[in-house]
Novice: 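First the structure, which I've put down as structure tokens, then a few questions once you've had a look.
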Amino acid sequence: MKRKLLFCWVYLLGLQVALAQPRLEFDGQVSAVGSYSPENQFPLFSGGRYIPELNYGVELDSGKAFDLEASVNIAGSVFFQPFDTGSWNGGINPYRLWARYTGKQFEVRVGLQKIDFGVATMLRPLQWFNQIDPRDPLRLTNGVYGILGRYYFLNNANIWLWGLYGNEKARGLDASETYAQHPEFGGRVQYPVSRGEIALSYHHRTADARLLMDAPQFAQIPEDRWGVDGKWDVNVGLWFEVSHIRKQKDLGDLTNQTLLNLGADYTFGIGNGLNMVMEHLIAGYDSRLLGFGHRGHITAATMAYPLGFFDQLSALFFYNWAVGDPTFFLNYEHQFKTLVGYIMPFYSPRIQKGIQENDLVNSISGPGLRLMLVYNH
């Protein structure tokens, strides 16, 4: 009986899609980047990337819709020492591949997709499913394979439920990779409060800690993580974001990981408006639940100032109090008629703990200069 009902539902949905008027769009993004960092083994870097994207959508009856997105990441890069040696890599990988069915107050999305939530902007305890690097103006990230459902109430509260499978890479500030042959699942509830919102999140996965512990018995470790975040606008934007991760096997001080972010932002009435954001992250690792036996502190700040309609200047600063070595990233952006150009002086320490290192974006240590051109069609 259940199979018949499911077949009928799929048949009716397919019939609606076939009869409706479809929308088909093709666009993409081409980017080229080059950098010079004299303190590295290969001081010169050059790379290119093309992400073509195909979108299909159709409006159904009663406010429902069906759409698809498919894109690939075509990239190549080379590190080199002039007239000597070099190292290159490249490939073609799926970037997004999902289908979505939406109604007036719900949506269900299946496939390779981006899942992102939380209120922090740079040091993100709830960056559980992506690799967005705050230094990357394009905010590129690998997706995850899974199904995501969201329901939106009329008072702006919403519920998320998800299930993932086949994802093995470490994401965000994960201490270990994921065991891809076991499913992951979780959910999130967001609720509006006076002048802001608050949310509770949960996720379960099976961690693969063999790289951490160098022993085969740590390949499959059940792991639970809880998150709480809230944000309020009281002239100054204020927020907090907390994540606690507990592994169900004894990994010593890596059994429990607690991350706490406190942040604020404000736009000063200077010229065209100077926006400042500051965040502080406290990270604790301990064999005890909610322990902070091993503790670290990282402070981050950003500044953004529009110079005009086509130009913007921004800066990002990290300071790891344990290492005592700062990270600085300056970005000048100019909008041409069909291109966007970036000039990015930077300084990155060799040890970049607490900073999300996006594997789609090159991270280089020491002082340097990066140039980038982007074309969106």
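Quick caveat: nothing in here was measured; it's all calculated off a predicted structure.
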Novice: Is L54 linked to Y56 within one hydrophobic cluster, defined over Ile, Leu, Val, Met, Phe, Trp and Tyr using a side-chain heavy-atom separation of less than 4.5 Å?
Specialist: yes
Novice: Checking N40 side chain against S365 main chain: does a donor-acceptor pair fall under 3.5 Å?
Specialist: yes
Novice: OG/S37 to CZ/F42 distance, rounded to the nearest 0.5 angstrom?
Specialist: 11.5 Å
Novice: Establish, from distance only, whether the side-chain atoms of Q257 and Y285 form a donor-acceptor pair under 3.5 Å.
Specialist: yes
Novice: Does A120 offer a backbone N or O that forms a donor-acceptor pair with the side chain of E241 under 3.5 Å?
Specialist: yes
Novice: Establish, from distance only, whether the side-chain atoms of R188 and Q190 form a donor-acceptor pair under 3.5 Å.
Specialist: yes
Novice: Quick one about D208 and Q220 (side-chain donor to acceptor, distance below 3.5 Å, no hydrogens or angles considered), yes or no?
Specialist: no
Novice: Parallel, tilted or perpendicular for H182 and Y179, by the 30°/60° rule?
Specialist: perpendicular
Novice: Would you please test F310 and V340 for side-chain contact (heavy atoms from CB on, under 4.5 Å) and show each step?
Specialist: CA-CA 9 Å; F310 305 106; V340 184; over 6 Å; no
Novice: Step by step, would you call D67 with W98 a side-chain contact (heavy atoms from CB on, under 4.5 Å)?
Specialist: CA-CA 9 Å; D67 59 325; W98 54 257; 3.7 Å; yes
Novice: Rounded to the nearest 0.5 Å, what separation is found between the OG atom of S35 and the CE atom of M344?
Specialist: 9.0 Å
Novice: Could you tell me whether the side chains of N256 and R246 share a donor-acceptor contact shorter than 3.5 Å?
Specialist: yes
Novice: Between N275 and Y305, is there a side-chain donor-acceptor contact under 3.5 Å, judged purely by atom types and distance?
Specialist: no
Novice: In Å, rounded to the nearest 0.5 Å, how long is the span from CE of M276 to CZ of F268?
Specialist: 6.5 Å
Novice: Answer whether the closest heavy-atom distance between the side chains of Q81 and L44 falls below 4.5 Å.
Specialist: no
Novice: F309, F336: one ILVMFWY side-chain cluster at the under-4.5 Å cut-off?
Specialist: no
Novice: I need the minimum non-hydrogen distance between M278 and A301, along with the two atoms involved.
Specialist: CG-CB, 4.1 Å
Novice: Could you see if L148 belongs to whatever hydrophobic cluster contains F66? Use Ile, Leu, Val, Met, Phe, Trp, Tyr and a side-chain cutoff under 4.5 Å.
Specialist: no
Novice: If you look at every heavy atom in K247 and S176, which pair is closest and at what distance?
Specialist: CE-OG, 3.6 Å
Novice: Closer than 3.5 angstrom, by distance alone: can the side chain of N167 be matched with the main-chain N or O of Y145 as a donor-acceptor pair?
Specialist: yes
Novice: Atom CD in Q131, atom CZ in R139: separation rounded to 0.5 Å?
Specialist: 13.5 Å
Novice: Distance check, rounded to the nearest 0.5 Å: N331 atom CG versus T302 atom OG1?
Specialist: 12.0 Å
Novice: If we only count heavy atoms from C-beta on, is the I147 to V108 side-chain gap below 4.5 Å?
Specialist: yes
Novice: Are R195 and D233 ion-paired here, with the side-chain N under 4.0 Å from a carboxylate O?
Specialist: no
Novice: If Ile, Leu, Val, Met, Phe, Trp and Tyr residues are connected whenever their side-chain heavy atoms lie under 4.5 Å apart, and connections chain through other members, are L126 and L262 in the same group?
Specialist: no
Novice: Between N261 and E279, is there a side-chain donor-acceptor contact under 3.5 Å, judged purely by atom types and distance?
Specialist: yes
Novice: With distance as the sole test, does Q127 use its side chain to make a donor-acceptor pair with the main-chain N or O of I132 at under 3.5 Å?
Specialist: yes
Novice: What salt bridge (charged side-chain N to carboxylate O under 4.0 Å, His left out) pairs are there with at least one residue in residues 108-119, not counting sequence neighbours?
Specialist: D116-R124
Novice: Please report the interatomic distance CG(L313) to CG(L330), rounded to the nearest 0.5 Å.
Specialist: 5.0 Å
Novice: Would you check if the side chain of N130 reaches a backbone N or O of I115 as a donor-acceptor pair within less than 3.5 Å?
Specialist: yes
Novice: Yes or no on side-chain hydrogen bond (donor to acceptor under 3.5 Å, both in side chains) for D311 and H334, after CA distance, side-chain angles and deciding distance?
Specialist: CA-CA 5 Å; D311 300 89; H334 179 73; 2.7 Å; yes
Novice: Compare all side-chain heavy atoms of R135 with those of S348 and state whether any distance is below 4.5 angstrom.
Specialist: yes
Novice: Does any donor atom in the side chain of H204 or D224 lie under 3.5 Å from an acceptor atom in the other side chain?
Specialist: yes
Novice: Just wondering, do D286 and T255 contact through their side chains at under 4.5 Å, heavy atoms?
Specialist: no
Novice: How are the rings of W160 and F117 set to each other: parallel, tilted or perpendicular (split at 30° and 60°)?
Specialist: perpendicular
Novice: Hey, is the main chain of E177 close enough, under 3.5 Å, to the side chain of R205 for a donor-acceptor pair?
Specialist: yes
Novice: Is there a path of hydrophobic side-chain contacts, each under 4.5 Å between heavy atoms of I/L/V/M/F/W/Y residues, joining V234 to F240?
Specialist: no
Novice: Between W226 and H203, do the side chains contain an N or O donor and an N or O acceptor separated by less than 3.5 Å?
Specialist: no
Novice: Evaluate the side-chain proximity of Q29 to L138: yes if any heavy-atom separation is below 4.5 Å, no if none is.
Specialist: yes
Novice: Taking all heavy atoms of V242 and all of P125, pick out the closest pair and write down the distance.
Specialist: C-CB, 4.3 Å
Novice: Tell me yes or no: between the side chains of W321 and T299, is some donor less than 3.5 Å from an acceptor?
Specialist: yes
Novice: Classify the side-chain pair T258/R295 by whether it contains a donor and acceptor separated by less than 3.5 Å.
Specialist: no
Novice: With distance as the sole criterion, is a donor-acceptor pair present between the side chains of R49 and N73 under 3.5 Å?
Specialist: yes
Novice: Just checking, any donor-acceptor pair under 3.5 angstrom between side chains of Y151 and N158?
Specialist: no
Novice: Taking D136 for its side chain and L140 for its backbone only, find out whether a donor-acceptor pair lies under 3.5 Å.
Specialist: yes
Novice: Determine whether L369 and I343 make a side-chain contact, defined as any pair of heavy atoms from C-beta on separated by less than 4.5 Å.
Specialist: yes
Novice: Counting distance only, does the side-chain N/O of Q105 pair as donor-acceptor with the main-chain N or O of Y152 below 3.5 Å?
Specialist: yes
Novice: With R225 as the cation and W128 as the aromatic partner, state whether NZ or CZ is under 6.0 Å from the six-membered ring centre and within 45° of the axis.
Specialist: yes
Novice: Do you know the tightest heavy-atom contact between Q113 and G146?
Specialist: NE2-O, 3.0 Å
Novice: Would you say the side chain of E69 lies within less than 4.5 Å of the side chain of E53, judging by non-hydrogen atoms?
Specialist: yes
Novice: Report the C-alpha separation of M122 and V277 in whole Å, then their side-chain angles, then the decisive distance to 0.1 Å, and conclude whether the side-chain contact (heavy atoms from CB on, under 4.5 Å) test is met.
Specialist: CA-CA 9 Å; M122 296 171 286; V277 180; 3.8 Å; yes
Novice: F328: which residues meet the ring pair (Phe, Tyr, Trp, His ring centres under 6.0 Å) condition with it, sequence neighbours left out?
Specialist: none
Novice: List the steps, then state whether side-chain contact (heavy atoms from CB on, under 4.5 Å) holds for H377 with F26.
Specialist: CA-CA 9 Å; H377 66 81; F26 176 75; 3.7 Å; yes
Novice: With a 4.5 Å limit on heavy-atom distance, are the side chains of I298 and H280 in contact?
Specialist: no
Novice: Can you name the closest pair of heavy atoms from Y191 and A157 and give their distance?
Specialist: CD1-CB, 3.7 Å
Novice: Of the non-hydrogen atoms in P82 and P43, which two are nearest, and what is the gap between them?
Specialist: CD-CG, 4.5 Å
